[in-house]
Amino acid sequence: MNAKSGKGFGILVTFCALFLFWLLLSGIFDALHVGAGIICSAIIALISHDLLVKEKGDKMLSKSFRFVIYLGWELWQIVLANFDVAYRVLHPKMPIDPLIIEFDTSLRSDLALVTLANSITLTPGTITIDIKDGKFLVHAIAKKPADALLVDKTMQNKVADVFMEW
């Protein structure tokens, strides 16, 4: 696969992702809205395709598939964390013990680091404060959410699996 066909692949993948997102958000499927979605998605894909797709071929397709599976898992973690935070807030003794933790990660690609940081922040009860040289600084509402990042490392391992950074 040469550089030109790799660029075309990146544009196509970016266009498809943007257009599907457009359809999902607009919810209107008349000719005007679909046409506007096609035009806007094409323009943005031409301008910014290299931000989404840096690799070509099977690796990108595999990572995309793994990422979709990861999103389902992450959504479930968000639901569970919402119940945990609600329990802590509504409990008469409010078992909240905020702490800041620091941990290293083996993730190296920018996209993997950002995915982990955003996943931590999206999960209620934890917020990523800083990332520097593979070190994460995270605020957690209590020890249990902190231990999930420090001891279990499930989220890190799942992100590493998505981006094939074992």
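Remember, it's a predicted structure, so these values are computed and weren't measured experimentally.
- When side chains are defined from C-beta on, Met155 counts as touching Glu74, because their heavy atoms get closer than 4.5 Å.
- When each of Lys143, Lys144, Arg88 is paired with Pro95, the side-chain contact (heavy atoms from CB on, under 4.5 Å) condition holds for Arg88 and for no other.
- Remark: Arg66 pairs with Asp161 by the salt bridge (charged side-chain N to carboxylate O under 4.0 Å, His left out) rule, at least two apart or across chains.
- Relative ring orientation between Phe67 and Phe163 is described as tilted, the plane-to-plane angle lying within the 30° to 60° band.
- Ring-plane geometry between Phe19 and Phe15 is classed as parallel, the angle between the planes falling under 30 degrees on a 0 to 90 degree scale with a further cut at 60.
- Proximity of Ile127 to Val138: side-chain heavy atoms (C-beta onward) are nowhere separated by under 4.5 Å.
- Of all heavy-atom pairs between Gly10 and Thr14, the closest is O-OG1, 2.8 Å.
- Judged purely by distance below 3.5 Å, without hydrogens or angles, the side chains of Gln156 and Thr105 pair a donor atom with an acceptor atom.
- Atom-to-atom distance recorded for Gln77:CD and Asp84:CG is 11.0 Å, nearest 0.5 angstrom.
- Side-chain contact between Glu165 and Ser109: present, with at least one pair of heavy atoms (C-beta onward) separated by less than 4.5 Å.
- Rounding to the nearest 0.5 Å gives a distance of 11.5 Å between CD1 of Ile43 and OG of Ser48.
- Looking at every heavy atom in both residues, Ala81 comes nearest to Pro124 through CB-O, 3.4 Å.
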Please determine whether side chain to side chain contact (heavy atoms under 4.5 Å, CB included) holds for the pair Trp73 and Lys158, giving the CA-CA distance in whole Å, both sets of side-chain angles, and the decisive distance to 0.1 Å. CA-CA 9 Å; Trp73 177 83; Lys158 291 206 176 269; 3.3 Å; yes
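- When hydrophobic clusters are built by joining Ile, Leu, Val, Met, Phe, Trp and Tyr residues whose side-chain heavy atoms come closer than 4.5 Å, directly or via intermediates, Ile120 is grouped together with Leu71.
- Looking at residues two or more places apart in sequence or on another chain, you find a side-chain contact (heavy atoms from CB on, under 4.5 Å) between Asn157 and Lys153.
- Screening residues 110-119 for side-chain hydrogen bond (donor to acceptor under 3.5 Å, both in side chains), with sequence neighbours left out, gives Tyr70-Ser119.
- Taking a 6.0 Å sphere around CZ of Phe83, one finds it holds 12 or fewer heavy atoms contributed by other residues, nucleotides or ligands.
- At least one donor-acceptor pair closer than 3.5 Å links the side chain of Thr126 to the backbone N or O of Thr123.
- Put simply, Met164 and Val68 are part of two different groups of oily side chains (I, L, V, M, F, W, Y) that touch within less than 4.5 Å, one to the next.
- Shown here for Arg108 and Leu113, the closest heavy-atom pair between the two residues is O-CD1, 3.9 Å.
- In this structure, Glu102 and Phe136 have side chains that are not in contact, with every pair of non-hydrogen atoms separated by 4.5 Å or more.
- Here the straight-line distance linking atom CG of Asp104 with atom NZ of Lys135 works out to 4.0 Å at 0.5 Å rounding.
- The main-chain N or O of His33 is found under 3.5 Å from a side-chain atom of Trp22 such that the two form a donor-acceptor pair.
- With hydrophobic clusters built from ILVMFWY side chains whose heavy atoms lie under 4.5 angstrom apart, Leu99 shares a cluster with Leu150.
- In this structure, CD1 on Ile131 lies 11.0 Å from CG on Asp133, to the nearest 0.5 angstrom.
- Contact detail for Ile141 and Pro145: the closest heavy-atom pair is CG2-CG, 3.9 Å.
- For the residue pair Leu18 and Ala45, the shortest heavy atom distance occurs at CD1-N, 3.9 Å.
- Here Asp152 contributes atom CG and Thr154 contributes atom OG1; the two are 4.5 Å apart, rounded to the nearest 0.5 Å.
- The side-chain heavy atoms of Thr128 and Leu137, taken from C-beta on, include no pair separated by under 4.5 Å.
- Within a 6.0 Å radius of CH2 in Trp166, more than 12 heavy atoms belonging to other residues, nucleotides or ligands are found.
- A distance of 5.0 Å separates CD1 in Ile44 from CD1 in Ile47, rounded to the nearest 0.5 Å.
- In this structure, Val159 and Leu107 approach most closely via the heavy-atom pair CG1-CD1, 3.7 Å.
- Linking ILVMFWY residues whenever their side-chain heavy atoms come closer than 4.5 Å, directly or via other members, places Leu116 and Val151 in the same cluster.
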